[in-house]
Amino acid sequence: MEVSVNVNGVDQTHDIEGRLLLVHFLRDVVGLTGTHWGCDTSNCGTCVVWMDEEPVKSCTVLAAMAGGHRVRTVEDLEQDNVLDPVQQGFIQEHGLQCGFCTPGMLMTSRALLDRNPNPSEEEIREAISGQICRCTGYSMIVRSVQWAANHESAVTIGSAS
Amino acid sequence: MTVTEEPTEGLSPEGNPMGFGKMLRKEDARLVRGMGQFCDDVVLPGMLHLAILRSPVAHATIVNIDKSAAEAHPKVVAVVTGADLAEHGLAWMPTLSNDVQAVLATDKVRFQYQEVAFVVAEDKYSARDALELIDVEYDILPAVMDVRTAMDAETEVIRTDLDGKTDNHCFDWEAGDAAETDAAFARADVVVSQEIIYPRVHPAPMETCGCVADMERVSGKLTLWSTTQAPHAHRTVYALVAGIPEHKIRVIAPDIGGGFGNKVPIYPGYVCSIVASLLIGKPVKWMEDRTENLVSTGFARDYVMKGDIAATSDGKILAVRGDVLADHGAFNGVAAPVKYPAGFFGVFTGSYDLEAAYSSMKAVYTNKAPGGVAYACSFRITEAVYFVERLVDCLAYELDMDPAELRIKNFIQPEQFPYETKTGWTYDSGNYEPTMRKALDMAGYDDLRAEQAEKRANGELMGIGVTFFTEAVGAGPRKDMDILGLGMADGCELRVHPTGKAVVRLSVKTQGQGHETTFAQIIAEEIGIPPEDIDVVHGDTDNTPFGLGTYGSRSTPVSGAAAALVARKVKDKAQIIASGMLEVSVADLEWTKGAFNVKGDPSKSVTIQDIAMKAHGAGDLPEGLEGGLEAQICYNPENLTYPFGAYICVVDIDPGTAEVKVRRFIAVDDCGTQINPMIIEGQVHGGLADGIGMALMEMISFDEDGNCLGGSLMDYLIPTALETPDWETGSTVTPSPHHPIGAKGIGESATVGSPAAVVNAVVDALKPFGIRHADMPLTPSRVWEAMQGNHTPPI
């Protein structure tokens, strides 16, 4: 079947099998390998992308279901060679080690800050609780999101220049 | 103009731009952009996809395999069974413990999800479809699932492939002096005995295992992108198994999404992929799914430990005795030094000065997946530390002593180092009491005990768990330690380019530990080139010197030492060149980081960059000196390093639901000299989360027929941000005397030390119920059972 998905602002129209998962569409058909696959059961969250403005687990979304929708992946966070504050925050606060869960964590964090620019520690933990990180023990991810919350305006100015 | 926003704090370590200190990680720039290259990201022209058919049952004879329907699938290129591999002598492969393991089963299947056949197809969905078309007829045999009865006379023999095998015995092991230990027990006022079970758990890295094998037909060269923590060791094993000359094999470990020991063994999937590429002449990718990872790959623990501890009535510990039943699964696939079949369980005497110690162990085969040394266990030290730290708490319970004071009373004293343990280990350095006191201070220990007394009076359940651990990491001295005959040394090569930039090549391989940053810092500290000017190359056997890889917290103790020493070798040469440049003798030069100057005259100075250009440039060098500025070494460690730490956990238990909430966790670690405190803190945090997982949530369990009950992340529960607290960490620094920079390993300390802290806290909370011990995982149902007075071992 033919499906057309807007991925990071570009229409991607491809002939695919109806059973193709969105994560495989992004990785294998579109060629964006920043989104990872980790479990198949919606437990680990390495595959989180946005569908429209909503974080979804792309291992449990069919590519066909994304037809006509906008999908945003980790590759779209950096704009005009300026990192998104959440990307910068993860670097500053050592919010990643192996980096495998990181793209999903970044997409969830960005969505959280868009809705709640100044989240509490509890709210951050709740937001990422559908995702697993085996390396960091989460505290530094929480600090990374807090760093981003505290630096949103500064990086926006940098981006505008 | 656009600029790339890089870390605002800069890449150089704070306060020490050429050396040790907090430095943001070099590897993060690609990883936060989704631009890492993990194994599944590797795509080659014409690449095919491999999927593995696995046994649905734990123990059965294979009667017949009909693959004709699968072969008829239009997108299938090949279907291969064990019988096909046997024709080429490839059906079996050696394990890292000198056992053998089936690549594809030929005679029987011996654990659920064992590899039976593989399909190679044009795409991964079709490969999986074709698995459904293979018809295997099994004759079911009784599954041997209980380690306690696996050696009973009537039990089905699993390893019928081994000549003359008539039981399920794997190996026996012992350490220490049994008679001396018995004598010490005879002198004791108090003897406490406890069965302590460390259930089977799984490292479950976020990235599963997989590879891309590319056998280039004309050159005969195999390139294997692989999720391996030990690329060089794997290359040698492939040469031995597949008969491909070693120089025709290149193993590349790209970015790895977590290892924790899960990516040390060689799995049948890697060998199948190599065979497939060899057979078909095209690149072949294999990536396992989550269930395959959890059910078939390297598990951890699975020890049933009977422990006895002997002490005087005032709390002087005299001796510890252990008797262990070890479940090794269907094949002995443990990746430990060959002379240490029980790993380093021999450090079970912990941090205490004992008169005697002895442990025996019986290891058996069962119809479970092979493996055994994984999940950041430091070669079974996790089991050893859990064993002794639970026993000490049981003793504290019986003596009605404070568990922190009991530990302090029995610590090895600083003047006793290097300390010879009763089981033959030489602890290099330690100063335990200040570390323990620091943790107690950070916790506000006395206040916590006062709060606990108040809560107990109100019927609330609050527990405080205390542990102190000593690890033995950095395997190891080649006189004692090898894997499959390969000495556990590591090489390192450093080249300084003409402009004073450098490349350092490592034999170890990061899986998230930050080697690209910390190894640049080691070179920077030694030779005065800023770490951002040093490129770290690793994970490619064609481009790095030989060494045994990253596991058992060995990168800093072994490869880190190699990096420091290779830099010193280069610096020695630089000094000779500098003496020529400044026209003074070598002895008249002094080193200020980054430059040599004439003693007493700082104005006469040449930088390392000046020297690098001179080394490669025109003009004479001091007589007898070759041009260039580079060196290579292979480091053979003199001893292991012995990091230690004090952990305190505070839990609250809901008396209505028996749910355990970890309120606080205080960790004070001592890993000697610190290269990058930020990375050390990160390593500790991750291990603490592992500890909470194992203590409260994680277990790979089976039903009596051998079905794995933990085959997905819906069943195998891993802590999230909601089960973990905001960690409170601290450190002390007691350098290793034999390591060139005084550093010890840190990667596994927290995983080793924290499970006992959590369990000790839960058991402490349950003291009003008269409970002295409860086994992991302390799920609400297991805690509830304990509160009802029922002791229910998990296995």
Side-chain angles (χ1 to χ4, degrees), chain A residues 17 19-20 24 27-28 31-41 43-44 46 73-75 77-78 80-83 86-88 90-92 94 96-103 106 121 124-142 151 155 158-159 161, chain B residues 2-9 24-25 27-38 40-41 43 124-125 203-208 255-260 289-291 511-514 678-679 681-690 712-714 718-722 724-727:
Chain A
E17 283 190 70
R19 62 177 173 167
L20 185 70
H24 293 143
R27 291 179 52 81
D28 302 337
L32 293 173
T33 56
T35 302
H36 298 144
W37 168 90
C39 77
D40 270 342
T41 49
N43 292 95
C44 81
T46 62
T73 71
V74 67
E75 285 90 348
L77 286 177
E78 183 185 20
D80 299 327
N81 292 326
V82 178
L83 292 181
V86 294
Q87 292 174 303
Q88 195 70 49
F90 272 65
I91 295 175
Q92 295 294 144
H94 193 27
L96 69 152
Q97 290 179 29
C98 80
F100 199 78
C101 77
T102 310
L106 291 170
E121 179 185 338
I124 297 170
R125 285 182 179 272
E126 177 75 31
I128 61 169
S129 65
Q131 286 161 260
I132 295 170
C133 170
R134 253 338 211 172
C135 297
T136 66
Y138 305 104
S139 282
M140 291 188 177
I141 293 180
V142 172
H151 291 77
V155 178
S159 168
S161 67
Chain B
T2 54
V3 289
T4 302
E5 178 103 352
E6 286 301 343
T8 54
E9 291 180 27
L24 302 180
R25 298 199 324 164
E27 37 274 88
D28 290 356
R30 66 175 183 276
L31 295 172
V32 298
R33 289 173 167 89
M35 289 169 66
Q37 192 191 43
F38 295 89
D40 198 25
D41 301 339
V43 176
K124 61 187 170 197
Y125 282 36
M206 296 318 299
E207 178 203 33
T208 58
D255 284 323
I256 294 183
F260 317 109
D289 66 23
R290 178 56 60 189
T291 301
Q511 310 115 44
Q513 297 93 333
M678 178 190 82
I679 285 177
E681 189 186 356
Q683 294 293 299
V684 171
H685 283 192
L688 296 177
D690 291 347
S712 81
L713 295 182
M714 292 188 288
I718 292 173
T720 72
L722 294 181
T724 46
D726 192 25
W727 315 106

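Letters A, B, ... are given to chains in the order of the sequence lines, protein chains preceding strands, and every chain is numbered from 1.
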Exercise. Counting heavy-atom pairs under 4.5 Å to chain B, which of A/Thr102, A/Leu32, A/Thr136 comes out on top?
Worked result: A/Thr136
For this session: Specify the closest pair of heavy atoms between A/Thr46 and A/Trp37, including all atoms of both residues, with the distance to one decimal.
Result: OG1-C, 3.4 Å
Problem set entry | Side chain proximity check, A/Ile91 to B/Val32, heavy atoms < 4.5 angstrom | yes
Problem set entry | A/Gln92 vs B/Leu24 side-chain heavy atoms within contact, under 4.5 Å | yes
Exercise. Which residue, A/Cys133, A/Cys135, A/Cys44, forms the side-chain contact (heavy atoms from CB on, under 4.5 Å) with B/Met206?
Worked result: A/Cys44
Problem set entry | Which portion of A/Ile132 sits near chain B, non-hydrogen atoms under 4.5 angstrom | both
Problem set entry | Contacting moiety of A/Ile141, where chain B heavy atoms sit under 4.5 Å | neither
Seminar exercise, completed: Highest number of heavy-atom pairs under 4.5 Å with chain A among B/Lys124, B/Gln683, B/Gln511 belongs to B/Lys124
Seminar exercise, completed: Whatever's closer than 4.5 Å to a heavy atom in chain A on B/Glu681 counts as both
Problem set entry | Derivation of the side chain to side chain contact (heavy atoms under 4.5 Å, CB included) call for A/Gln131 and A/Cys101 | CA-CA 8 Å; A/Gln131 286 161 260; A/Cys101 77; over 6 Å; no
Exercise. Can you check whether A/Cys98 reaches B/Glu27 side chain to side chain, under 4.5 Å on heavy atoms?
Worked result: no
Exercise. Non-hydrogen atoms of chain A under 4.5 Å away: do they reach the side chain of B/Pro719, the backbone, both or neither?
Worked result: both
Exercise. Where does A/Ser129 contact chain B at under 4.5 Å (heavy atoms): side chain, backbone, both or neither?
Worked result: both
Seminar exercise, completed: A/Phe100 and B/Gly257 have their tightest heavy-atom pair at CB-CA, 3.8 Å
Exercise. Is there a side-chain contact between B/Ile679 and B/Gln513, using heavy atoms and a 4.5 Å cut-off?
Worked result: no
Exercise. Checking heavy atoms, do the side chain of B/Leu713, its backbone, both or neither come under 4.5 Å from chain A?
Worked result: both
Exercise. If you count heavy-atom pairs under 4.5 Å with chain A, which of B/Thr208, B/Asp690, B/Asp289 comes out on top?
Worked result: B/Asp289
Seminar exercise, completed: Note: vs chain B, highest number of non-hydrogen pairs under 4.5 angstrom among A/Leu77, A/Thr73, A/Val86, A/Leu96 is A/Leu96
Exercise. Which bit of B/Asp41 is near chain A, if near means a heavy-atom gap under 4.5 Å: side chain, backbone, both or neither?
Worked result: both
Problem set entry | Flag side-chain contact, heavy atom, 4.5 Å: A/His36 against B/Glu207 | no
Exercise. Relative to chain B, which segment of A/Glu121 carries a heavy atom at a distance below 4.5 Å: side chain, backbone, both, or neither?
Worked result: side chain
Seminar exercise, completed: Whatever's closer than 4.5 Å to a heavy atom in chain A on B/Tyr125 counts as both
